[in-house]
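Numbers restart at 1 for each chain; the letters A, B, ... are given by sequence-line order, proteins then strands. The basis for the numbers below is simple: all heavy atoms, side chains too, and nothing from hydrogens, waters or symmetry mates.
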2 protein chains.
Amino acid sequence: MESAEKVAADKAAAAAKPRTRDAEATKARILDAAKREFAKNGLGGARVDVIAEKARANKRMIYHYFESKEGLFQTILENAYVDIRIAEQKMNLDHLAPKEALERLVRFTWDYYLKNPEFITLVNSENLHRAKHLKKSEVVKVYSRKFVSMVATILDRGVSAGVFRPGVDPVQLNITIAAIGYYYLTNRFTGSIVFERDLMAKDALEERLRFNIDTILRLVAA
Amino acid sequence: MESAEKVAADKAAAAAKPRTRDAEATKARILDAAKREFAKNGLGGARVDVIAEKARANKRMIYHYFESKEGLFQTILENAYVDIRIAEQKMNLDHLAPKEALERLVRFTWDYYLKNPEFITLVNSENLHRAKHLKKSEVVKVYSRKFVSMVATILDRGVSAGVFRPGVDPVQLNITIAAIGYYYLTNRFTGSIVFERDLMAKDALEERLRFNIDTILRLVAA
DNA sequence: GTAAAAAGTAACCAGATAGTGCATTAGCGA
DNA sequence: TCGCTAATGCACTATCTGGTTACTTTTTAC
């Protein structure tokens, strides 16, 4: 390339991408790109070079900010858990009637999984690795405790009001609420083949949500 | 016998008696080793060299019999589905009272997942890959149809006998029965952290099974 | 017995992959 | 304006990985 051309090209590149240094923005772009890549391919299948490219960052930056591929994964996983717990807290179910609160929770869980499919895949990947990354996180435990007690409160209120039967374990209920949505969505590909229907069709999704609400309400009904 | 000892013993046996050629046995050893390796590390994380070593076979044999790593995975996945469907058919639920048949099915599903944890991991891995391998299998569809109709029959008998309410979709019921066991077990590692209890303790497993049977019976109760 | 087919082996390869050493530069405080 | 620090970029590598080539050994068919 001739000198004049090169200068022109450089100017064009600079104009198109006048990259100013911004650690926070770079970190954020890396986290976002990595979340997608890890969700799509799992921890083992994700490629660091791909993450760097998608983040429009140099690979060196990933190691600069996150130490290693696993360090990056751990950060993303922790963020994912904190995000869903914060969203759950924001629901503010305490002022609702118990039945309505529970229905709202089932609906929220379902919608959250639908809108944040990477959450499911990240959790799957973490369980393949026997939760070695999540084990190190204290903040996740704190948030989880709050969540369980939220459901316990709804149950208690329902029992007092005579609309729920007593003796339902809030942890088992939590697991069940998550399970009936999570399983359907994480196994949507094999499920669509096995059951020979498109599990992700609009009608199918609505039907499943109705079924799930029904399942949970019958489970706790007095 | 410990795994390491077993390998050592097998090696000694092989040295003492130069292995006779046996295509079927070699294939079987490869399939067994691959099932474990794929289940442990997923399709992407599994290593062909490790499979060959565990199978005490030459890596070339894998390509000889199964074309490629993905070909091997596909065979194993198909086998896994056929195995569970055959086991389900063997339950012979038709002569049982509807309620008991349903309880038996929930119990069977739970026990099967517990005894064959690799089934869950294989399905997870396949869904990460959008079921591209299962799509190619016709035999799985045939077996699945039989399974769905088995559950439908139980439901119909229950409705006729007046013990189940009408209108329950057998596919949704199937999915739910699988979900409440599958989710608990596949997410046992993160779950044990989030809920701060050992989900795999003997008591915990028994409690979960009871809870699941209860959930399903309440769901279909007249 | 023998030749062809099948089973098995070892060494190798090209491309990919996580991770690094080192130079460069922007931005900030003084 | 200067100099320091943190942000960025480039080029490189040691190792791994799926897959293959070329070969030997055993079994089978006749």
Output yes when at least one side-chain N/O atom of [X] is less than 4.0 Å from OP1 or OP2 of [N], else no.
X: H64(A); N: dA6(D); answer: no
X: Y65(B); N: dG8(C); answer: yes
X: R47(A); N: dT17(C); answer: yes

Just to verify, which of Y184(B), Y183(B), F108(B), Y182(B) counts as forming a ring pair (Phe, Tyr, Trp, His ring centres under 6.0 Å) with Y113(B)? Y182(B)

Take the protein atom [atom1] of [X] and the nucleotide atom [atom2] of [N], then report the distance between them rounded to whole Å.
X: N41(A); N: dA16(C); atom1: CG; atom2: P; result: 16 Å
X: D49(A); N: dG9(D); atom1: CG; atom2: P; result: 15 Å
X: D22(A); N: dT5(D); atom1: CG; atom2: C1'; result: 16 Å
X: K27(B); N: dG8(C); atom1: NZ; atom2: P; result: 11 Å
X: E37(A); N: dA18(C); atom1: CD; atom2: C1'; result: 14 Å
X: Y63(A); N: dC10(D); atom1: OH; atom2: C1'; result: 16 Å
X: M61(A); N: dA11(D); atom1: CE; atom2: P; result: 16 Å
X: I51(A); N: dA16(C); atom1: CD1; atom2: C1'; result: 15 Å

Go nucleotide by nucleotide along DNA chain D from the 5' end; which of L43(B) and N58(A) gets its closest nucleotide reached first? N58(A)

Have a look at A46(B) and say if it touches a base, only the backbone sugar-phosphate, or nothing, with a 4.0 Å heavy-atom cut-off. sugar-phosphate

Compare the minimum distances between each of [options] and the side chain of [X], then state the nucleotide with the smallest one.
X: K69(A); options: dG19(D), dG8(C), dG19(C); value: dG19(C)
X: S68(B); options: dG19(D), dG8(C), dA7(D); value: dG19(D)
X: R60(A); options: dT17(D), dT20(C), dA7(D); value: dT20(C)

Give a yes or no on whether the ring-centroid distance for Y81(B) and Y143(B) is below 6.0 angstrom. no

Go through the steps to decide whether E37(A) and K40(A) satisfy the test salt bridge (Lys or Arg N to Asp or Glu O under 4.0 Å), and finish with yes or no. CA-CA 5 Å; E37(A) 173 72 1; K40(A) 197 174 169 188; 5.9 Å; no

Where do R210(A) and D214(A) land on the salt bridge (Lys or Arg N to Asp or Glu O under 4.0 Å) test, with the steps shown first? CA-CA 6 Å; R210(A) 276 198 310 273; D214(A) 197 36; over 6 Å; no

Flag yes if more than 12 heavy atoms outside K132(A) fall under 6.0 Å of its NZ atom; otherwise flag no. no

Using heavy atoms to find the nearest nucleotide of DNA chain C for E24(B) and K59(B) separately, return the residue whose nucleotide is more 5′. E24(B)

